[in-house]
Amino acid sequence: MGKTALIVIDMINTYDHQDADLLLPSARGVVPVAAGLLARARHDGTPVVYVNDNFGQWRSHHGELLTKALAGRHADLVEPLRPDEDSLFVVKARHSIFFETPLPYLLDQEGVDHLVLCGQVTEQCVLYSALDAHIRHLRTTVPRDAVAHIHADLADAALRMMERNMGARVCDSGDVWTT
């Protein structure tokens with residue numbers, strides 16, 4: 001049995017995109033919950049991996065993404081989730097955290113076989129990432145209160161799909177670290 005990693009999906013964000021106004025209310029509720037998960041993971045020595053969209057900026061890297069997000073109008077949503085010096089960072093270009101990224105190699109090198117997914121967007125990147133984790137035989141936990149959505153009805157359906165079709169454990173964030 002391997003170990004667990006906390007995966008933070010797309011939370012380093014300027015919220016300067018088409019669906020931002022729909023996403024922001026949910027993101028505001030998720031940030032403190034995700035910050036709590038981060039604090040617990042860091043305290044316990046659980047690896048933290050940020051997997052973040054590059055927003056089409058092909059020359060960007062994690063430092064640039066963070067600097068731009070912290071300089072934006074919604075820095076208050078980024079600051080509590082800021083990567084620390086031990087955090088790992090993978091840049092992605094599409095919805096899944098696995099699609100054409102080095103994440104599978106990184107997880108293998110770290111001996112990780114269980115992912116805790118938090119971040120955004122439940123009915124998009126989180127859903128597709130959970131599916132890709134499932135087909136890679138990685139155990140997956142999704143704390144429902146630590147994933148932000150654009151459309152609540154689609155997010156509810158996505159969480160049900162992750163649980164039923166992908167074998168993900170869907171729970172409250174307070175139950176993530178319990179078996």
Side-chain angles (χ1 to χ4, degrees), residues 1-17 23 27 30-31 34-35 37-72 77-143 146-148 158 161-162 165-170 176-177:
M1 187 154 163
K3 63 183 176 182
T4 298
L6 177 64
I7 310 295
V8 182
I9 302 171
D10 289 340
M11 293 302 290
I12 308 304
N13 200 307
T14 61
Y15 297 94
D16 183 24
H17 51 78
L23 176 59
V30 162
V31 166
L37 290 172
L38 277 166
R40 173 71 186 265
R42 289 171 176 156
H43 177 268
D44 293 348
T46 299
V48 174
V49 183
Y50 290 76
V51 185
N52 216 88
D53 199 314
N54 72 358
F55 304 105
Q57 302 300 308
W58 292 105
R59 294 182 185 164
S60 65
H61 57 78
H62 72 279
E64 265 182 82
L65 293 170
L66 180 61
T67 299
K68 188 173 181 181
L70 289 171
L77 298 177
V78 178
E79 182 61 43
L81 305 177
R82 172 182 239 163
D84 68 7
E85 62 278 353
D86 295 323
S87 300
L88 304 171
F89 205 102
V90 173
V91 176
K92 69 180 182 70
R94 299 296 295 166
H95 295 79
S96 173
I97 60 177
F98 292 97
F99 183 73
E100 307 235 347
T101 74
L103 185 64
Y105 182 78
L106 183 155
L107 296 174
D108 184 60
Q109 291 298 298
E110 294 289 320
V112 170
D113 70 354
H114 176 224
L115 306 180
V116 176
L117 303 179
C118 70
Q120 56 196 19
V121 168
T122 309
E123 65 272 27
Q124 295 174 15
C125 299
V126 176
L127 174 65
Y128 303 138
S129 298
L131 174 60
D132 279 353
H134 174 69
I135 64 173
R136 287 169 173 78
H137 304 285
L138 294 166
R139 293 179 299 124
T140 305
T141 299
V142 181
V147 288
M161 288 172 58
M162 287 181 243
N165 299 344
M166 299 164 208
R169 178 176 174 236
V170 176
V176 165
W177 310 113

Check: For M161 and L131, what are the C-alpha separation, side-chain angles and deciding distance, and is it a side chain to side chain contact (heavy atoms under 4.5 Å, CB included)?
Finding: CA-CA 9 Å; M161 288 172 58; L131 174 60; over 6 Å; no
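- Using a 4.5 Å cut-off on side-chain heavy atoms (C-beta onward), V8 and M11 make contact.
- Atoms CE and CD1, on M166 and I135 in that order, are 10.0 Å from each other to the nearest 0.5 Å.
- The pair D84-R42 meets the salt-bridge criterion, since a charged nitrogen lies less than 4.0 angstrom from a carboxylate oxygen.
- To the nearest 0.5 angstrom, K68 atom NZ is 10.5 Å from N13 atom CG.
- Between V90 and L106, the closest side-chain pair of non-hydrogen atoms falls below 4.5 Å.
- With values rounded to the nearest 0.5 angstrom, T122 atom OG1 is found 10.5 Å from L117 atom CG.
- Between the OG atom in S129 and the CG atom in L115 there is a gap of 9.0 Å [rounded to 0.5 Å].
- The shortest heavy-atom contact between A148 and V30 is N-CG2, 3.6 Å.
- For the atom pair CH2 (W177) and CG (D44), the distance works out to 7.0 Å, reported to the nearest 0.5 Å.
- Between R136 and P104, the shortest heavy-atom distance links the atoms NE-CG, 4.0 Å.
- The two residues T14 and A69 come nearest to each other via the heavy atoms CG2-CA, 3.9 Å.
- For D10 and K92, the salt-bridge test passes: some basic side-chain N is under 4.0 Å from an acidic carboxylate O.
- Two residues are said to be in side-chain contact when any heavy atoms from C-beta on lie closer than 4.5 Å; P143 and L37 meet this criterion.
- A 6.0 Å sphere centred on CG of N165 holds more than 12 heavy atoms belonging to other residues, nucleotides or ligands.
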N/O donor-acceptor pairs under 3.5 Å from side chains in residues 95-102, not counting sequence neighbours:
unit_1, atom_1, unit_2, atom_2, d
S96, OG, F98, N, 3.0
S96, OG, D132, OD2, 2.5
T101, OG1, I97, O, 2.7
T101, OG1, L103, N, 3.2

Notebook entry, point to check: Given V91 and L65, is the side chain to side chain contact (heavy atoms under 4.5 Å, CB included) satisfied, shown in steps?
Noted result: CA-CA 9 Å; V91 176; L65 293 170; 4.2 Å; yes
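- The minimum heavy-atom distance linking A35 with P80 is given by the pair CB-O, 3.9 Å.
- A donor-acceptor contact closer than 3.5 angstrom links the side chains of Y15 and Q120.
- Between V48 and L38, the shortest heavy-atom distance links the atoms CG1-CD2, 3.5 Å.
- Side-chain contact between L70 and E79: present, with at least one pair of heavy atoms (C-beta onward) separated by less than 4.5 Å.
- Here D113 pairs with R139 in a salt bridge; the nearest charged N to carboxylate O distance falls below 4.0 Å.
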Next item on the list: Decide yes or no on side chain to side chain contact (heavy atoms under 4.5 Å, CB included) for V126 and M162, but give the supporting numbers first.
Entry: CA-CA 9 Å; V126 176; M162 287 181 243; 4.0 Å; yes
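- The shortest distance between side-chain heavy atoms of L23 and H17 falls below 4.5 Å.
- The closest side-chain heavy-atom distance from P83 to L66 is below 4.5 Å.
- For the pair I12 and L81, the tightest heavy-atom approach, listed with the atom from each and the gap, is CD1-O, 4.3 Å.
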Notebook entry, point to check: Are H114 and L138 close enough, and set up right, to give a side chain to side chain contact (heavy atoms under 4.5 Å, CB included), and what steps lead you there?
Noted result: CA-CA 6 Å; H114 176 224; L138 294 166; over 6 Å; no
